[in-house]
Amino acid sequence: MTRMRRKAIVALFLFTLFIFGTMMGLRTLKPSDGFSDLAPGMDFAGERSDRKRPDGRDALASPGQFRSGGSDTKVVFTKSDRDSSIFYDVHIFYYLWYGSPSMDNQYIHWDHPLVPHWDPKIAASHAQGRHTPPEDIASSFYPELGPYSSRDPKVLESHMAQIEAAASGVLVLSWYPPGVADDHGEPTEDLVPAVMDAAQRHSIKVAFHIQPYKGRTDQSMHDNIKYIIDKYGNHGAFYRFRTSTGQVLPLFYVYDSYLTPPESWTELLTAKGSQSIRGTPYDGVFVALVVEERHKHDILASGFDGMYTYFASNGFSFGSSHQNWKAIKEFCDANNLLFIPSVGPGYVDTAVRPWNNHNTRNRVNGRYYETSLQAALSVRPEIVTITSFNQWHEGTQIERAVPKKTMARLYLDYLPNQADHYLQLTRQWAETFNKEKDKWLM
(Lines give C-alpha, C1' and ligand atoms only; values in the text may rest on other atoms or scores of the structure.)
Protein backbone atom coordinates (compact mmCIF):
# COMPACT_ATOMS: atom_id res chain seq x y z
CA MET A 1 0.00 0.00 0.00
CA THR A 2 2.85 2.37 0.93
CA ARG A 3 4.63 1.53 -2.34
CA MET A 4 1.50 2.31 -4.38
CA ARG A 5 1.10 5.62 -2.53
CA ARG A 6 4.70 6.52 -3.35
CA LYS A 7 4.18 5.67 -7.02
CA ALA A 8 1.04 7.81 -7.09
CA ILE A 9 2.89 10.74 -5.52
CA VAL A 10 5.77 10.41 -8.01
CA ALA A 11 3.33 10.22 -10.94
CA LEU A 12 1.45 13.28 -9.68
CA PHE A 13 4.72 15.18 -9.30
CA LEU A 14 5.85 14.31 -12.83
CA PHE A 15 2.47 15.27 -14.27
CA THR A 16 2.57 18.62 -12.43
CA LEU A 17 6.10 19.23 -13.72
CA PHE A 18 4.95 18.49 -17.29
CA ILE A 19 2.02 20.91 -17.01
CA PHE A 20 4.29 23.63 -15.57
CA GLY A 21 6.83 23.18 -18.35
CA THR A 22 4.12 23.31 -21.00
CA MET A 23 2.64 26.50 -19.56
CA MET A 24 6.07 28.17 -19.42
CA GLY A 25 6.67 27.27 -23.05
CA LEU A 26 3.32 28.69 -24.11
CA ARG A 27 4.02 31.81 -22.10
CA THR A 28 7.00 32.61 -24.26
CA LEU A 29 5.13 32.26 -27.53
CA LYS A 30 1.61 33.51 -26.92
CA PRO A 31 0.85 37.24 -26.84
CA SER A 32 -0.64 38.44 -23.57
CA ASP A 33 -3.20 41.17 -23.14
CA GLY A 34 -2.25 44.72 -22.26
CA PHE A 35 0.29 45.66 -19.62
CA SER A 36 2.23 43.64 -17.16
CA ASP A 37 3.53 45.40 -14.04
CA LEU A 38 6.05 47.93 -15.25
CA ALA A 39 9.74 48.21 -14.50
CA PRO A 40 11.33 51.40 -13.13
CA GLY A 41 11.26 54.28 -15.57
CA MET A 42 8.02 53.01 -17.07
CA ASP A 43 5.52 55.03 -14.97
CA PHE A 44 3.60 56.91 -17.67
CA ALA A 45 2.39 60.25 -16.49
CA GLY A 46 -8.22 57.02 -36.66
CA GLU A 47 -7.73 59.78 -39.18
CA ARG A 48 -7.55 59.35 -42.96
CA SER A 49 -4.49 59.84 -45.18
CA ASP A 50 -6.16 62.68 -47.09
CA ARG A 51 -5.89 64.97 -44.06
CA LYS A 52 -3.03 67.42 -43.56
CA ARG A 53 -0.21 66.57 -41.19
CA PRO A 54 -0.14 68.53 -37.91
CA ASP A 55 2.87 70.45 -39.23
CA GLY A 56 0.86 71.78 -42.15
CA ARG A 57 2.56 69.56 -44.74
CA ASP A 58 0.22 67.72 -47.07
CA ALA A 59 0.50 63.98 -47.23
CA LEU A 60 2.25 63.77 -50.59
CA ALA A 61 2.07 60.03 -51.04
CA SER A 62 -0.23 57.13 -50.34
CA PRO A 63 -0.05 55.40 -46.94
CA GLY A 64 3.46 54.16 -46.46
CA GLN A 65 5.08 57.31 -47.86
CA PHE A 66 8.29 56.61 -45.97
CA ARG A 67 9.31 53.81 -48.28
CA SER A 68 12.94 53.42 -49.11
CA GLY A 69 13.75 52.44 -52.66
CA GLY A 70 14.78 48.83 -53.17
CA SER A 71 18.20 49.89 -54.42
CA ASP A 72 18.92 51.60 -51.10
CA THR A 73 18.11 48.73 -48.75
CA LYS A 74 20.70 46.14 -49.71
CA VAL A 75 24.37 46.05 -50.61
CA VAL A 76 26.31 43.04 -51.84
CA PHE A 77 30.07 43.04 -51.49
CA THR A 78 32.66 40.40 -52.27
CA LYS A 79 35.03 38.99 -49.70
CA SER A 80 37.89 36.62 -50.35
CA ASP A 81 35.73 33.58 -49.70
CA ARG A 82 32.18 34.61 -50.59
CA ASP A 83 29.69 37.26 -51.58
CA SER A 84 27.99 38.80 -48.56
CA SER A 85 24.81 40.85 -48.26
CA ILE A 86 23.87 43.44 -45.69
CA PHE A 87 20.43 44.98 -45.37
CA TYR A 88 19.76 48.60 -44.46
CA ASP A 89 16.15 47.95 -43.49
CA VAL A 90 17.27 45.81 -40.52
CA HIS A 91 18.31 48.12 -37.67
CA ILE A 92 19.87 46.95 -34.40
CA PHE A 93 20.07 48.78 -31.06
CA TYR A 94 23.62 49.14 -29.73
CA TYR A 95 25.03 50.28 -26.35
CA LEU A 96 28.38 51.94 -25.65
CA TRP A 97 28.17 52.12 -21.86
CA TYR A 98 30.42 49.21 -20.80
CA GLY A 99 33.79 49.65 -19.10
CA SER A 100 36.58 47.49 -17.67
CA PRO A 101 39.65 48.23 -15.53
CA SER A 102 42.09 47.71 -18.40
CA MET A 103 40.58 50.58 -20.42
CA ASP A 104 38.54 52.60 -17.93
CA ASN A 105 40.25 51.95 -14.55
CA GLN A 106 37.00 50.41 -13.31
CA TYR A 107 34.10 48.22 -14.34
CA ILE A 108 31.22 50.25 -15.75
CA HIS A 109 27.71 48.80 -16.04
CA TRP A 110 28.94 45.23 -15.54
CA ASP A 111 28.76 46.07 -11.81
CA HIS A 112 25.25 47.54 -12.13
CA PRO A 113 23.40 47.67 -8.78
CA LEU A 114 20.32 45.58 -8.12
CA VAL A 115 17.41 47.98 -8.61
CA PRO A 116 15.03 47.86 -5.63
CA HIS A 117 11.30 47.53 -6.20
CA TRP A 118 9.36 50.73 -5.52
CA ASP A 119 7.22 48.88 -2.94
CA PRO A 120 9.39 48.52 0.21
CA LYS A 121 7.63 45.28 1.21
CA ILE A 122 8.48 43.65 -2.13
CA ALA A 123 11.97 45.15 -2.14
CA ALA A 124 12.70 43.62 1.26
CA SER A 125 12.18 40.10 -0.10
CA HIS A 126 14.82 40.42 -2.85
CA ALA A 127 18.59 40.69 -2.94
CA GLN A 128 20.24 44.10 -2.75
CA GLY A 129 23.69 45.48 -3.47
CA ARG A 130 25.67 45.45 -6.73
CA HIS A 131 27.49 42.95 -8.91
CA THR A 132 31.22 42.24 -8.58
CA PRO A 133 32.82 41.49 -11.98
CA PRO A 134 34.44 39.66 -13.59
CA GLU A 135 32.84 36.50 -12.15
CA ASP A 136 29.59 38.16 -11.14
CA ILE A 137 28.21 40.52 -13.80
CA ALA A 138 24.91 42.36 -14.22
CA SER A 139 23.52 39.92 -16.76
CA SER A 140 21.93 36.48 -16.85
CA PHE A 141 24.22 35.58 -19.80
CA TYR A 142 28.00 35.86 -20.12
CA PRO A 143 29.64 37.49 -23.17
CA GLU A 144 32.22 35.59 -25.18
CA LEU A 145 34.44 38.69 -24.94
CA GLY A 146 34.08 38.77 -21.15
CA PRO A 147 33.05 41.95 -19.30
CA TYR A 148 34.58 44.21 -21.92
CA SER A 149 35.14 47.92 -22.39
CA SER A 150 33.30 49.75 -25.15
CA ARG A 151 36.50 51.78 -25.55
CA ASP A 152 38.54 48.77 -26.61
CA PRO A 153 39.21 48.99 -30.39
CA LYS A 154 39.35 45.18 -30.60
CA VAL A 155 35.90 44.96 -29.03
CA LEU A 156 34.49 47.50 -31.47
CA GLU A 157 35.98 45.59 -34.40
CA SER A 158 34.54 42.30 -33.12
CA HIS A 159 31.12 43.89 -32.65
CA MET A 160 31.04 45.28 -36.18
CA ALA A 161 32.08 41.91 -37.59
CA GLN A 162 29.26 40.25 -35.65
CA ILE A 163 26.69 42.81 -36.80
CA GLU A 164 27.88 42.33 -40.37
CA ALA A 165 27.55 38.57 -39.93
CA ALA A 166 23.96 39.16 -38.82
CA ALA A 167 23.36 41.19 -42.05
CA SER A 168 22.02 44.12 -40.03
CA GLY A 169 22.92 47.20 -42.01
CA VAL A 170 22.13 49.95 -39.50
CA LEU A 171 23.53 50.20 -35.99
CA VAL A 172 21.23 52.35 -33.83
CA LEU A 173 23.55 53.95 -31.31
CA SER A 174 22.29 54.81 -27.82
CA TRP A 175 23.32 58.48 -27.55
CA TYR A 176 23.67 61.12 -24.87
CA PRO A 177 24.96 64.65 -25.45
CA PRO A 178 28.61 65.45 -24.66
CA GLY A 179 29.33 65.22 -20.93
CA VAL A 180 26.03 63.45 -20.17
CA ALA A 181 25.51 59.78 -19.24
CA ASP A 182 22.91 57.41 -17.82
CA ASP A 183 22.65 57.08 -14.03
CA HIS A 184 25.14 54.21 -13.86
CA GLY A 185 27.58 55.08 -16.62
CA GLU A 186 30.10 57.60 -17.89
CA PRO A 187 29.85 59.96 -20.89
CA THR A 188 30.59 58.18 -24.18
CA GLU A 189 29.99 60.76 -26.91
CA ASP A 190 33.74 60.92 -27.47
CA LEU A 191 33.58 57.29 -28.65
CA VAL A 192 31.16 57.98 -31.51
CA PRO A 193 33.86 58.76 -34.11
CA ALA A 194 35.51 55.38 -33.45
CA VAL A 195 32.13 53.66 -33.82
CA MET A 196 31.48 55.45 -37.11
CA ASP A 197 34.91 54.48 -38.46
CA ALA A 198 34.57 50.85 -37.38
CA ALA A 199 31.07 50.65 -38.85
CA GLN A 200 32.24 52.04 -42.19
CA ARG A 201 34.93 49.34 -42.45
CA HIS A 202 32.09 46.78 -42.41
CA SER A 203 29.64 48.68 -44.68
CA ILE A 204 27.40 49.38 -41.67
CA LYS A 205 25.52 52.66 -41.27
CA VAL A 206 24.92 54.43 -37.94
CA ALA A 207 21.67 56.03 -36.76
CA PHE A 208 21.18 57.75 -33.41
CA HIS A 209 18.92 56.64 -30.54
CA ILE A 210 18.49 59.79 -28.45
CA GLN A 211 18.10 58.94 -24.77
CA PRO A 212 15.93 60.80 -22.20
CA TYR A 213 18.62 62.74 -20.37
CA LYS A 214 17.65 65.14 -17.61
CA GLY A 215 16.42 68.43 -19.06
CA ARG A 216 15.62 67.13 -22.55
CA THR A 217 13.35 69.72 -24.21
CA ASP A 218 12.44 70.82 -27.72
CA GLN A 219 15.21 73.44 -27.46
CA SER A 220 17.87 70.97 -26.29
CA MET A 221 16.74 68.46 -28.93
CA HIS A 222 17.16 71.14 -31.59
CA ASP A 223 20.71 71.64 -30.34
CA ASN A 224 21.32 67.87 -30.27
CA ILE A 225 20.14 67.34 -33.85
CA LYS A 226 22.25 70.25 -35.07
CA TYR A 227 25.29 68.91 -33.20
CA ILE A 228 24.91 65.37 -34.59
CA ILE A 229 24.37 66.45 -38.19
CA ASP A 230 27.12 69.08 -38.11
CA LYS A 231 29.64 66.67 -36.57
CA TYR A 232 28.76 63.37 -38.24
CA GLY A 233 26.57 64.21 -41.23
CA ASN A 234 29.44 64.04 -43.72
CA HIS A 235 30.80 60.73 -42.44
CA GLY A 236 30.41 57.82 -44.83
CA ALA A 237 28.68 55.72 -42.16
CA PHE A 238 26.01 58.32 -41.30
CA TYR A 239 22.60 56.79 -42.06
CA ARG A 240 20.03 58.56 -44.19
CA PHE A 241 16.63 57.23 -45.24
CA ARG A 242 15.19 57.74 -48.72
CA THR A 243 11.46 58.42 -48.77
CA SER A 244 9.15 57.69 -51.69
CA THR A 245 9.13 61.42 -52.51
CA GLY A 246 12.88 61.30 -53.09
CA GLN A 247 13.95 63.04 -49.90
CA VAL A 248 17.08 61.60 -48.28
CA LEU A 249 17.03 62.46 -44.58
CA PRO A 250 18.73 61.38 -41.36
CA LEU A 251 16.59 59.06 -39.22
CA PHE A 252 16.49 59.51 -35.44
CA TYR A 253 14.90 57.25 -32.83
CA VAL A 254 13.71 59.14 -29.72
CA TYR A 255 13.53 56.92 -26.64
CA ASP A 256 10.85 57.66 -24.00
CA SER A 257 9.47 60.38 -26.24
CA TYR A 258 6.22 60.31 -24.22
CA LEU A 259 8.03 62.09 -21.34
CA THR A 260 7.77 65.33 -23.36
CA PRO A 261 4.22 66.61 -24.08
CA PRO A 262 3.01 66.89 -27.70
CA GLU A 263 2.76 70.67 -27.50
CA SER A 264 6.52 70.83 -26.86
CA TRP A 265 7.39 68.41 -29.66
CA THR A 266 5.36 70.49 -32.12
CA GLU A 267 7.74 73.40 -31.49
CA LEU A 268 10.50 71.23 -33.00
CA LEU A 269 8.70 68.95 -35.43
CA THR A 270 6.11 71.13 -37.16
CA ALA A 271 6.74 73.83 -39.74
CA LYS A 272 5.36 76.64 -37.57
CA GLY A 273 7.14 75.61 -34.37
CA SER A 274 9.46 78.05 -32.63
CA GLN A 275 12.36 75.56 -32.83
CA SER A 276 11.28 73.96 -36.10
CA ILE A 277 13.81 71.91 -38.06
CA ARG A 278 11.35 71.26 -40.89
CA GLY A 279 12.59 72.38 -44.26
CA THR A 280 16.03 73.23 -42.83
CA PRO A 281 19.39 71.44 -43.25
CA TYR A 282 18.56 69.74 -39.94
CA ASP A 283 15.31 68.13 -41.03
CA GLY A 284 15.00 64.39 -40.59
CA VAL A 285 12.77 61.39 -40.05
CA PHE A 286 11.92 61.32 -36.33
CA VAL A 287 10.59 58.10 -34.80
CA ALA A 288 8.90 58.09 -31.38
CA LEU A 289 8.40 55.27 -28.87
CA VAL A 290 4.86 53.89 -28.68
CA VAL A 291 4.19 52.27 -25.30
CA GLU A 292 0.56 52.92 -24.37
CA GLU A 293 -2.24 52.92 -26.94
CA ARG A 294 -2.89 56.65 -26.43
CA HIS A 295 0.68 57.38 -27.49
CA LYS A 296 -0.33 56.77 -31.12
CA HIS A 297 -2.40 59.94 -31.12
CA ASP A 298 0.20 61.91 -29.15
CA ILE A 299 2.89 60.90 -31.64
CA LEU A 300 0.73 62.03 -34.55
CA ALA A 301 -0.14 65.34 -32.88
CA SER A 302 3.53 65.95 -32.01
CA GLY A 303 4.65 65.95 -35.64
CA PHE A 304 6.74 62.77 -35.49
CA ASP A 305 7.23 60.79 -38.71
CA GLY A 306 6.77 57.33 -37.24
CA MET A 307 6.80 55.09 -34.19
CA TYR A 308 8.75 52.09 -32.92
CA THR A 309 8.09 49.62 -30.09
CA TYR A 310 11.59 48.81 -28.68
CA PHE A 311 10.71 46.30 -25.92
CA ALA A 312 11.56 42.65 -26.55
CA SER A 313 9.05 41.30 -24.01
CA ASN A 314 5.88 40.39 -25.88
CA GLY A 315 2.89 41.53 -23.83
CA PHE A 316 4.87 43.92 -21.63
CA SER A 317 3.28 47.01 -23.17
CA PHE A 318 0.63 47.84 -25.74
CA GLY A 319 3.32 48.68 -28.26
CA SER A 320 5.43 45.58 -27.68
CA SER A 321 2.48 43.16 -27.91
CA HIS A 322 2.55 41.37 -31.24
CA GLN A 323 -1.23 41.13 -31.32
CA ASN A 324 -1.47 44.94 -31.54
CA TRP A 325 0.95 45.46 -34.41
CA LYS A 326 -1.65 45.10 -37.16
CA ALA A 327 -3.80 47.86 -35.64
CA ILE A 328 -0.78 50.11 -35.06
CA LYS A 329 0.36 49.58 -38.66
CA GLU A 330 -3.12 50.44 -39.97
CA PHE A 331 -3.13 53.63 -37.88
CA CYS A 332 0.28 54.58 -39.23
CA ASP A 333 -0.68 53.85 -42.83
CA ALA A 334 -3.82 55.96 -42.47
CA ASN A 335 -1.82 58.87 -41.09
CA ASN A 336 1.25 58.68 -43.29
CA LEU A 337 3.56 57.46 -40.52
CA LEU A 338 6.25 54.80 -40.44
CA PHE A 339 5.63 51.80 -38.20
CA ILE A 340 8.84 50.09 -37.10
CA PRO A 341 8.24 46.99 -34.94
CA SER A 342 11.02 45.88 -32.61
CA VAL A 343 11.81 42.21 -32.06
CA GLY A 344 14.20 40.43 -29.73
CA PRO A 345 15.47 36.93 -28.95
CA GLY A 346 14.04 36.94 -25.41
CA TYR A 347 13.97 38.99 -22.24
CA VAL A 348 15.36 38.45 -18.75
CA ASP A 349 16.38 41.38 -16.55
CA THR A 350 16.35 39.69 -13.14
CA ALA A 351 20.12 40.24 -12.79
CA VAL A 352 19.31 43.94 -12.29
CA ARG A 353 15.58 43.79 -11.36
CA PRO A 354 15.30 40.58 -9.32
CA TRP A 355 11.57 41.12 -8.72
CA ASN A 356 10.68 41.33 -12.45
CA ASN A 357 10.62 37.65 -13.44
CA HIS A 358 6.99 37.94 -14.63
CA ASN A 359 8.29 39.82 -17.69
CA THR A 360 10.88 37.16 -18.54
CA ARG A 361 10.46 35.65 -22.00
CA ASN A 362 12.37 32.42 -22.51
CA ARG A 363 14.37 32.06 -25.72
CA VAL A 364 13.27 28.46 -26.40
CA ASN A 365 16.44 27.89 -28.48
CA GLY A 366 15.50 30.67 -30.89
CA ARG A 367 11.80 29.94 -31.32
CA TYR A 368 10.74 33.05 -29.40
CA TYR A 369 12.91 35.16 -31.72
CA GLU A 370 11.52 33.54 -34.84
CA THR A 371 7.95 33.97 -33.60
CA SER A 372 8.65 37.67 -33.02
CA LEU A 373 10.26 38.10 -36.43
CA GLN A 374 7.34 36.39 -38.14
CA ALA A 375 4.91 38.68 -36.30
CA ALA A 376 6.87 41.71 -37.51
CA LEU A 377 7.00 40.58 -41.12
CA SER A 378 3.27 39.84 -41.11
CA VAL A 379 2.48 43.58 -40.93
CA ARG A 380 4.77 44.39 -43.90
CA PRO A 381 6.95 47.07 -42.29
CA GLU A 382 9.51 49.19 -44.11
CA ILE A 383 12.07 48.63 -41.35
CA VAL A 384 12.46 46.07 -38.55
CA THR A 385 14.50 46.87 -35.44
CA ILE A 386 16.35 44.28 -33.36
CA THR A 387 16.40 44.70 -29.57
CA SER A 388 19.30 44.31 -29.18
CA PHE A 389 22.93 43.66 -30.08
CA ASN A 390 24.29 44.10 -26.56
CA GLN A 391 21.76 45.12 -23.91
CA TRP A 392 23.12 42.45 -21.55
CA HIS A 393 21.25 43.72 -18.47
CA GLU A 394 17.89 42.84 -20.03
CA GLY A 395 19.02 39.64 -21.72
CA THR A 396 18.00 40.83 -25.19
CA GLN A 397 21.46 40.56 -26.74
CA ILE A 398 22.27 38.60 -29.89
CA GLU A 399 26.00 39.16 -29.33
CA ARG A 400 28.02 35.98 -28.93
CA ALA A 401 27.64 34.43 -25.45
CA VAL A 402 29.31 31.44 -23.78
CA PRO A 403 28.39 28.99 -21.03
CA LYS A 404 29.83 29.94 -17.64
CA LYS A 405 29.58 28.57 -14.12
CA THR A 406 31.17 30.05 -11.01
CA MET A 407 31.04 29.13 -7.33
CA ALA A 408 28.03 31.39 -6.89
CA ARG A 409 26.34 31.59 -10.31
CA LEU A 410 25.28 29.53 -13.28
CA TYR A 411 24.75 31.75 -16.32
CA LEU A 412 22.24 31.11 -19.08
CA ASP A 413 23.68 30.29 -22.51
CA TYR A 414 22.72 29.50 -26.10
CA LEU A 415 23.30 25.73 -25.89
CA PRO A 416 22.67 23.39 -27.61
CA ASN A 417 23.35 26.01 -30.31
CA GLN A 418 26.61 27.78 -31.03
CA ALA A 419 27.67 31.21 -29.74
CA ASP A 420 26.64 32.84 -33.04
CA HIS A 421 23.19 31.23 -33.15
CA TYR A 422 21.24 34.50 -32.91
CA LEU A 423 23.51 36.25 -35.38
CA GLN A 424 22.78 33.51 -37.90
CA LEU A 425 19.04 33.59 -37.20
CA THR A 426 19.08 37.34 -37.76
CA ARG A 427 20.81 36.92 -41.12
CA GLN A 428 18.33 34.24 -42.23
CA TRP A 429 15.37 36.43 -41.34
CA ALA A 430 16.94 39.54 -42.87
CA GLU A 431 17.22 37.63 -46.14
CA THR A 432 13.63 36.41 -45.81
CA PHE A 433 12.43 39.94 -45.02
CA ASN A 434 13.98 41.33 -48.18
CA LYS A 435 12.64 38.52 -50.35
CA GLU A 436 9.17 39.21 -48.95
CA LYS A 437 9.52 42.95 -49.55
CA ASP A 438 10.32 42.29 -53.19
CA LYS A 439 6.98 40.46 -53.44
CA TRP A 440 5.08 43.24 -51.62
CA LEU A 441 6.39 45.87 -54.02
CA MET A 442 5.44 43.93 -57.17
Side-chain angles (χ1 to χ4, degrees), residues 20-21 24-25 27-29 36-42 92-95 97-100 107-117 122-123 125-148 150 162 182 184-185 310-316 320 342-369 372 386-423 425:
F20 177 76
M24 287 299 291
R27 176 191 181 197
T28 66
L29 298 174
S36 300
D37 292 336
L38 302 176
M42 295 298 297
I92 189 162
F93 294 110
Y94 184 84
Y95 294 86
W97 55 26
Y98 300 106
S100 67
Y107 283 108
I108 303 173
H109 264 271
W110 300 115
D111 65 345
H112 198 290
L114 295 166
V115 179
H117 195 278
I122 297 176
S125 64
H126 293 282
Q128 299 179 19
R130 64 189 310 129
H131 292 276
T132 54
E135 296 297 286
D136 171 33
I137 66 171
S139 172
S140 294
F141 294 85
Y142 203 85
E144 184 180 69
L145 295 174
Y148 54 75
S150 297
Q162 291 182 54
D182 68 280
H184 304 287
Y310 185 77
F311 300 107
S313 183
N314 180 24
F316 169 67
S320 72
S342 304
V343 302
Y347 186 92
V348 54
D349 68 355
T350 51
V352 292
R353 302 183 187 106
W355 39 265
N356 198 36
N357 63 348
H358 53 281
N359 280 316
T360 294
R361 299 295 180 266
N362 300 320
R363 294 193 174 213
V364 202
N365 294 327
R367 280 183 287 166
Y368 178 86
Y369 195 25
S372 301
I386 308 297
T387 306
S388 63
F389 178 75
N390 64 339
Q391 222 296 14
W392 289 90
H393 302 318
E394 296 180 345
T396 62
Q397 80 290 334
I398 67 168
E399 183 182 352
R400 295 172 67 98
V402 292
K404 186 174 178 65
K405 182 179 181 181
T406 71
M407 293 293 290
R409 293 190 63 180
L410 175 62
Y411 289 89
L412 301 175
D413 55 54
Y414 301 165
L415 295 176
N417 301 294
Q418 299 299 311
D420 66 348
H421 179 57
Y422 293 96
L423 302 175
L425 280 180

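Quick note: residue numbers are just sequence positions, from 1.
- Proximity of a side-chain donor or acceptor of D182 to a complementary backbone N or O of G185 within less than 3.5 Å is detected.
- Taking all atoms of both residues into account, the shortest heavy-atom contact from N390 to Y148 is ND2-OH, 3.4 Å.
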(request) Check step by step if side chain to side chain contact (heavy atoms under 4.5 Å, CB included) holds for Q397 and F141. (result) CA-CA 9 Å; Q397 80 290 334; F141 294 85; 3.3 Å; yes

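- A heavy-atom distance below 4.5 Å is not found between the side chains of T387 and E394.
- Here the side chains of P134 and Y107 are in contact, with some heavy-atom distance below 4.5 Å.
- Interatomic distance, CD of E144 versus CG of D420, reported as 8.5 Å (0.5 Å rounding).
- Nearest heavy-atom pair, G346 versus A312, reported as atom, atom and distance to 0.1 Å: O-CB, 3.7 Å.
- Atom OG of residue S388 and atom OH of residue Y310 lie 5.5 Å apart, to the nearest 0.5 angstrom.
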List the steps, then state whether side chain to side chain contact (heavy atoms under 4.5 Å, CB included) holds for T350 with T360.
CA-CA 8 Å; T350 51; T360 294; 4.3 Å; yes

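- Ring centroids of H112 and H393 are separated by less than 6.0 Å, placing the two rings close together.
- The main-chain N or O of G395 is never found under 3.5 Å from a side-chain atom of S140 such that the two would form a donor-acceptor pair.
- Judged purely by atom type and a 3.5 angstrom limit, E399 has no side-chain atom pairing as donor or acceptor with the backbone of P143.
- Side-chain N or O atoms of D136 include none that pairs as donor or acceptor with a backbone N or O of H131 at under 3.5 Å.
- Considering every non-hydrogen atom in both L423 and F389, the closest pair reads CD2-CE1, 4.3 Å.
- In this structure the side chain of R130 never reaches within 4.5 angstrom of the side chain of T132, judged on heavy atoms.
- A side-chain donor-acceptor contact under 3.5 Å links H421 to the backbone of N365.
- Taking all atoms of both residues into account, the shortest heavy-atom contact from S372 to G344 is OG-O, 3.9 Å.
- Ring pair Y142/Y411 is perpendicular by interplanar angle, where above 60° counts as perpendicular and below 30° as parallel.
- Within the 4.5 Å cutoff, the side chain of Y369 has no heavy atoms near those of the R361 side chain.
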Margin query: Please determine whether side chain to side chain contact (heavy atoms under 4.5 Å, CB included) holds for the pair L410 and K405, giving the CA-CA distance in whole Å, both sets of side-chain angles, and the decisive distance to 0.1 Å.
Written below: CA-CA 4 Å; L410 175 62; K405 182 179 181 181; 3.9 Å; yes

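- No more than 12 heavy atoms of other residues, nucleotides or ligands shown are found within 6.0 angstrom of CD on Q418.
- In summary, the aromatic rings of W110 and Y98 are positioned with their centroids under 6.0 Å apart.
- In this structure, Y347 has its ring center no closer than 6.0 Å to that of F311.
- With Y422 as the aromatic partner, R363 meets the cation-pi criteria of under 6.0 angstrom to the ring centre and within 45 degrees of the ring axis.
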query = Can H109 and W392 be said to form a side chain to side chain contact (heavy atoms under 4.5 Å, CB included), step by step?
reply = CA-CA 10 Å; H109 264 271; W392 289 90; over 6 Å; no

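- Side-chain atoms of I92 and I398, non-hydrogen and from C-beta on, do get closer than 4.5 Å to each other.
- Across all non-hydrogen atoms, the minimal contact from N359 to S313 is O-OG, 2.9 Å.
- Distance check: S139 OG to R409 CZ gives 7.0 Å after rounding to the nearest 0.5 Å.
- Taking CG of N362 as the reference point, atom CZ of R367 lies at 10.5 Å (rounded to 0.5 Å).
- Between H184 and P113, the closest heavy-atom pair is CE1-CG, 3.5 Å.
- Taking the side chain as every heavy atom from C-beta outward, K404 and E135 approach each other to under 4.5 Å.
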